[in-house]
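Structure first, then comments.
Lettering follows sequence order; numbering is per chain, from 1.
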There are 2 protein chains.
Amino acid sequence: MDKGFFKELFQEKRLRISHPRFLIYQELSSSEVPLSPRELYENLRRKKRRVGLTSIYRSLDLFESLGMAFKISKGSSVKYKSCKLKNHHHHIVCQSCGRVVEFECNDLTEWSKWVSESTGYKVTDHRVHFLGVCKTCTLSLP
Amino acid sequence: MDKGFFKELFQEKRLRISHPRFLIYQELSSSEVPLSPRELYENLRRKKRRVGLTSIYRSLDLFESLGMAFKISKGSSVKYKSCKLKNHHHHIVCQSCGRVVEFECNDLTEWSKWVSESTGYKVTDHRVHFLGVCKTCTLSLP
DNA sequence: CTGTATGCAAAGCATTTGCATAATA
DNA sequence: TATTATGCAAATGCTTTGCATACAG
């Protein structure tokens with residue numbers, strides 16, 4: 001959990017480092033697996049840290065828009081994972097346990113150029129994620 | 001709209017080609033832009049084709065699982081776009097009007113291998129989408 | 001005929017909103 | 001002190017479920 005990063009970014013954006021926000025960030029970054037708003041709420045509650053569910057929704061939105069968290073929608077469930085890498089990166093999600101790992105982005109300029117040419121779109125950004133099975137699950141499964 | 005493709009695929013999977021399913025598929029494939037379940041419902045209603053909203057949800061799920069449609073979750077809104085390309089492909093979404101275009105997948109074996117090595121995951125699949133601005137929007141916007 | 005798929009109404013939930021209160025800078 | 005963020009409760013609205021009915025194969 002990188003408190004410095006949190007403070008710096010928030011001060012730069014003129015956002016307040018409130019107690020609830022910090023608790024939510026802390027809880028999220030301490031988890032190996034992605035968490036839903038409700039799970040985050042329950043976890044904090046269990047630790048006697050009462051934070052409103054509404055605030056959790058608001059904070060998660062904020063974190064995502066700041067690139068501090070990765071939002072995973074699978075079916076109708078929504079979960080978030082905090083990001084450790086600061087610059088542009090992507091994720092691989094374990095299909096079995098849901099564990100997420102970040103990795104740096106490849107150079108996609110060539111591909112982007114090709115997409116742009118073949119579709120007529122101006123390319124501004126891209127989202128990539130891989131699906132797979134993590135080491136633990138590979139070992140424990142048949 | 002490729003009726004043959006629809007029939008073939010459904011027969012192969014032992015799925016019934018019901019009237020509502022076909023109407024939904026038809027309506028979805030005739031749209032340039034992605035549609036939400038509700039929009040699809042309204043469109044059909046307007047054409048005096050009454051299909052239950054529930055069936056629309058069920059059909060869209062089905063289409064997606066068969067790779068016939070692409071599901072786009074943006075914030076809390078969910079939309080679907082029918083796919084014309086039959087094999088593995090990706091999408092680029094216009095940030096301004098939402099229009100989606102498909103393009104064939106690049107060869108990602110090298111990248112996959114690298115991801116696998118650096119994360120320890122066995123890579124099974126990947127999702128890519130580009131974001132951009134379509135030709136029409138580029139021209140009509142400043 | 002024999003399952004499957006549909007459609008309705010109802011239930012179930014996740015998410016959002018309004019607003020008074022509390023906390024930050 | 002001037003905003004900004006919080007938290008509650010209520011409202012909203014999407015999505016799912018149960019079940020009798022219709023329908024494709």
Side-chain angles (χ1 to χ4, degrees), chain A residues 3-4 6-28 34-66 68-69 71-80, chain B residues 3-4 6-28 34-66 68-69 71-80:
Chain A
K3 188 165 175 174
F6 183 90
K7 274 193 68 178
E8 236 172 71
L9 186 59
F10 271 57
Q11 283 176 348
E12 183 196 319
K13 301 275 181 186
R14 300 283 137 84
L15 292 162
R16 294 189 176 173
I17 302 173
S18 71
H19 198 211
R21 273 184 186 162
F22 189 67
L23 287 173
I24 296 165
Y25 174 69
Q26 192 175 241
E27 185 61 32
L28 189 65
L35 299 172
S36 69
R38 176 119 268 128
E39 285 166 338
L40 223 25
Y41 175 76
E42 304 290 4
N43 287 358
L44 289 167
R45 216 158 183 291
R46 218 171 292 125
K47 296 179 181 171
K48 310 287 180 221
R49 302 264 94 107
R50 277 158 185 287
V51 177
L53 184 52
T54 312
S55 305
I56 295 183
Y57 275 97
R58 291 193 274 230
S59 290
L60 290 174
D61 266 6
L62 182 65
F63 295 167
E64 200 213 357
S65 73
L66 294 172
M68 298 165 63
K71 182 179 181 178
I72 309 155
S73 311
K74 190 181 172 184
S76 61
S77 95
V78 173
K79 304 204 171 192
Y80 292 82
Chain B
K3 188 166 173 175
F6 183 90
K7 273 192 67 178
E8 235 172 71
L9 186 58
F10 271 57
Q11 284 176 346
E12 184 195 319
K13 300 275 181 186
R14 301 282 137 83
L15 292 163
R16 296 191 175 171
I17 302 173
S18 71
H19 199 213
R21 272 183 187 162
F22 189 66
L23 287 172
I24 296 165
Y25 174 67
Q26 193 175 239
E27 186 61 32
L28 189 65
L35 299 172
S36 68
R38 187 117 267 119
E39 286 166 337
L40 223 25
Y41 175 75
E42 304 290 4
N43 287 357
L44 288 168
R45 218 158 182 292
R46 220 172 289 125
K47 297 181 183 173
K48 310 290 180 215
R49 301 262 94 109
R50 280 161 182 285
V51 176
L53 184 53
T54 312
S55 305
I56 295 183
Y57 276 97
R58 291 193 274 229
S59 290
L60 291 174
D61 266 8
L62 181 64
F63 295 166
E64 200 215 356
S65 73
L66 295 172
M68 299 165 62
K71 182 179 181 179
I72 309 155
S73 311
K74 190 181 173 185
S76 61
S77 95
V78 173
K79 302 204 171 192
Y80 291 83

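C:dG7 atom C1' lies 15 Å from atom NE2 of B:His19, rounded to whole Å. What separates CG of A:Leu23 from P of C:dT24 is a distance of 11 Å, to the nearest Å. Taking atom CG on A:Leu40 and atom C1' on D:dG7, their separation rounds to 16 Å, with Å as the unit. Put simply, OH on A:Tyr41 is 16 Å from P on C:dC13, counting in whole angstrom units. Regarding B:Arg50, its CZ atom lies at a distance of 24 Å from the P atom of C:dA5, rounded to whole Å. For B:Lys13 and D:dG25, the NZ to P distance is 17 Å, given to the nearest whole Å. Computed from coordinates, the B:Leu15 CG to C:dG3 P distance equals 17 Å when rounded to whole Å. What separates CZ of B:Arg14 from P of C:dT4 is a distance of 12 Å, to the nearest Å.
Side chains of B:Leu23 and B:His19 form a contact here, defined as non-hydrogen atoms less than 4.5 Å apart. For the pair B:Tyr25 and B:Ile17, the minimum side-chain heavy-atom distance is 4.5 Å or more. With a 4.5 Å cut-off on side-chain heavy atoms, A:Val51 and A:Glu27 do not count as touching. Taking the side chain as every heavy atom from C-beta outward, A:Phe63 and A:Phe6 approach each other to under 4.5 Å.
Applying the 6.0 Å contact sphere to CD of A:Gln11 captures more than 12 heavy atoms from other residues, nucleotides or ligands.
Close to D:dT6, at under 4.0 Å from its OP1 or OP2, lies a side-chain N or O of A:Ser18. Distances shorter than 4.0 Å separate some side-chain N or O of B:Arg38 from OP1 or OP2 on D:dC14.
DNA chain D lies under 4.0 Å from at least one heavy atom of each of the following residues of residues 51-63 of chain A: A:Val51, A:Gly52, A:Thr54, A:Ser55, A:Arg58.
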Decide yes or no on side chain to side chain contact (heavy atoms under 4.5 Å, CB included) for A:Leu66 and A:Leu15, but give the supporting numbers first. CA-CA 11 Å; A:Leu66 294 172; A:Leu15 292 162; 4.0 Å; yes

Under the salt bridge (charged side-chain N to carboxylate O under 4.0 Å, His left out) rule, what do B:Glu42 and B:Arg38 come out as? Steps first, then yes or no, please. CA-CA 6 Å; B:Glu42 304 290 4; B:Arg38 187 117 267 119; 3.8 Å; yes

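Residue order along DNA chain D, read from the 5' end via each residue's closest nucleotide, puts B:Val78 first among B:Ile17 and B:Val78.
Of the candidate nucleotides C:dT15, D:dT4, D:dT15, D:dT4 has the atom lying nearest to any side-chain atom of A:Arg16.
To the nearest 0.5 Å, atoms CZ (B:Phe10) and OG (B:Ser18) are separated by 8.0 Å.
A donor-acceptor pair is defined here as one N or O able to donate and one able to accept, closer than 3.5 Å; no such pair exists between the side chain of B:Ser59 and the backbone of B:Ile56.
Helix bend of the helix from C:dC1-D:dG25 to C:dA25-D:dT1: the angle between its two end axes, each built from five pairs, comes to 60° after rounding to 10°.
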